[in-house]
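Notes follow the structure.
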Protein chains: 2
Amino acid sequence: MATVPNRRRTQVDRSAETRAILIRAAIELLQTLGFAGTSTALIAKRAGVTTGALHHHFATKDELLFGVLDHASERMRARLEQEKPVSPAGTLNISDTVRHLWEVYGNPEYWATWEIIIGTRSDPALHPRVVAHRLETMRMVLHPWLEHHTSEEGTRPEVIALFEFMLIAIRGLSLERFLDKDEAYFDRNLKILADLVGQRLEALAQHNFVR
Amino acid sequence: MATVPNRRRTQVDRSAETRAILIRAAIELLQTLGFAGTSTALIAKRAGVTTGALHHHFATKDELLFGVLDHASERMRARLEQEKPVSPAGTLNISDTVRHLWEVYGNPEYWATWEIIIGTRSDPALHPRVVAHRLETMRMVLHPWLEHHTSEEGTRPEVIALFEFMLIAIRGLSLERFLDKDEAYFDRNLKILADLVGQRLEALAQHNFVR
DNA sequence: ATTTACATACTGATCGATATGTATGTAAGT
DNA sequence: ACTTACATACATATCGATCAGTATGTAAAT
């Protein structure tokens with residue numbers, strides 16, 4: 001019989017694994033049950049540990065929520081970064097970009113973040129910290145990506161604004177998930193978004209050329 | 001001293017008033033504290049009655065929530081309807097339309113509806129009923145308005161789709177309220193939306209004319 | 001190489017607070 | 001008189017969190 005590898009885990013490994021399992025369980029519950037339905041008891045149960053273990057790693061539920069925010073932030077960064085600029089230099093394929101942003105920000109997993117933002121807004125102590133975390137993530141993750149992907153166009157502020165608008169629209173679209181819309185509905189509206197922005201980018205480029 | 005008018009209210013009046021007060025209190029709490037923070041005790045306290053009175057008018061909390069949905073639906077209908085088509089016949093002022101839709105759907109009061117949609121999604125019995133209520137409202141309130149306001153353009157399905165997209169974008173924008181954005185931020189993105197849609201409508205009209 | 005001493009990981013019971021909902025009594029209207 | 005509208009008091013469940021105790025890993029002492 002083969003010896004079981006790593007039968008004896010180090011303490012840091014045990015900690016890291018359990019924390020990761022708890023965070024994953026919290027994200028899944030936030031995604032499926034929402035903020036109100038995500039109790040510490042359910043999180044612990046889904047993670048396969050007890051509430052005692054949960055509170056050993058995260059003194060308060062709030063701390064666990066920030067663990068979720070950190071995790072989501074890192075995931076977002078990784079997913080955004082993995083996009084290869086497949087299009088020829090200077091030619092921004094807006095349809096692919098919309099699709100990619102939809103996969104990142106329209107993903108149900110990402111919604112856990114908004115569940116926390118919205119769900120904690122009644123907490124005068126917690127909400128400012130959540131908002132600050134959000135801003136920091138945008139500054140460290142999204143803005144660099146934005147600047148990188150609009151540099152070909154000259155980093156015009158209008159283009160940046162257009163990208164931000166795309167994110168807003170995509171987030172609005174993701175809300176429709178809660179109304180059990182089918183895939184065709186999402187495809188149709190993503191196409192509209194791509195068309196609108198594409199048309200606008202063309203106009204901007206033309207105007208820039210004429211000037 | 002002047003006699004207090006209506007010192008003796010009828011039963012139906014008492015009922016109607018208390019129900020209205022309770023619904024208004026629930027909407028305010030859903031708007032400020034969110035679904036998780038809106039308890040029956042708080043609703044009753046804010047309404048100035050006891051939980052006993054609340055449960056007399058609404059046997060369960062769910063019933064009260066549907067009362068909120070009904071109220072919001074009616075409010076939406078009234079606000080949409082009050083818009084006078086100020087523009088000359090055939091000329092749709094897209095900027096005003098965006099502004100008007102923002103006032104209706106971007107209104108914090110309206111968010112209470114989404115708070116219910118999102119907050120109850122964990123409830124297998126309640127959520128389908130909420131979704132059904134939503135669809136009914138859209139069918140009875142929004143669609144007639146949409147058809148009325150796009151008839152001048154020939155009720156092209158593409159225009160309808162564009163309007164639906166506008167609502168999606170506006171909803172996405174309303175989420176940013178939870179991140180304490182300033183008014184300029186909303187104005188800027190509403191302008192982008194209006195520009196994008198306006199440009200698209202022009203293109204559609206032109207194409208229609210050529211054809 | 002064992003043993004000893006300690007740190008860390010985790011269990012399970014339990015706390016006070018708060019959630020929704022119910023039972024019963026009282027005041028107001030018909 | 002009877003019904004409806006509300007208040008008061010309470011039942012029951014679940015929330016986040018604490019805590020005493022146990023299991024496991026780690027490092028120093030022998």
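Note that this is a predicted model, so its numbers are computed, not measured. Sequence lines set the chain letters: A, B, ... in the order given, protein chains first and strands last, and positions in each chain run from 1.
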Heavy-atom closest pair (B:Leu22 atom, B:Ala47 atom, distance to 0.1 Å) is CD2-CB, 3.7 Å
I need the CG-P distance between A:Leu33 and D:dC15, as an integer number of Å. 11 Å
Separation of D:dC6 atom P from B:Asp13 atom CG, nearest Å, is 11 Å
Rounded to whole angstroms, how far apart are CG on B:Leu126 and P on C:dT20? 13 Å
By nearest-nucleotide position on DNA chain C, the 5'-leaning member of B:Thr40 and A:Val49 is A:Val49
For B:Trp145 and B:Thr97 the tightest heavy-atom approach is CH2-CG2, 4.3 Å
Between D:dA17 (C1') and A:Ile43 (CD1): distance, integer Å: 13 Å
Between B:Ile117 and B:Val131, is there a side-chain heavy-atom distance shorter than 4.5 Å? no
Tell me, which of residues 52-61 of chain B have any heavy atom that sits under 4.0 Å from an atom in DNA chain D? B:Gly52, B:Ala53, B:His56, B:His57
Of the nucleotides D:dT18, C:dT20, C:dG29, which has the atom closest to the B:Ser39 side chain? C:dT20
What are the two closest heavy atoms between A:His133 and A:Ser73, and how far apart are they? CE1-CB, 4.4 Å
Given B:Tyr105, which partner from the list B:Phe163, B:Trp114, B:Tyr110 fulfils the ring-ring contact (aromatic ring centres under 6.0 Å, His included) test? B:Tyr110
Residue whose closest nucleotide on DNA chain D lies nearer the 5' end, A:Val12 versus A:Leu42: A:Leu42
A:Thr50 side-chain proximity, nearest of C:dG12, C:dA28, C:dG21: C:dG12
Hey, can you pull the residues of residues 17-32 of chain B with a non-hydrogen atom under 4.0 angstrom from DNA chain C? none
Can you name the nearest heavy-atom pair linking B:Ala72 to B:Thr113, along with the distance? CB-OG1, 3.4 Å
Of A:Arg188, A:Lys181, A:Arg171, the one forming a salt bridge (charged side-chain N to carboxylate O under 4.0 Å, His left out) with A:Glu176 is A:Lys181
Let me know the distance between CZ of B:Arg14 and P of C:dG29, rounded to the nearest Å. 5 Å
Taking B:Lys191 first and then B:Asp187, would you say they form a salt bridge - that is, a charged N and a carboxylate O separated by under 4.0 Å? no
The reported gap from CG in A:Leu80 to NE2 in A:His148 (rounded to nearest 0.5 angstrom) is 12.0 Å
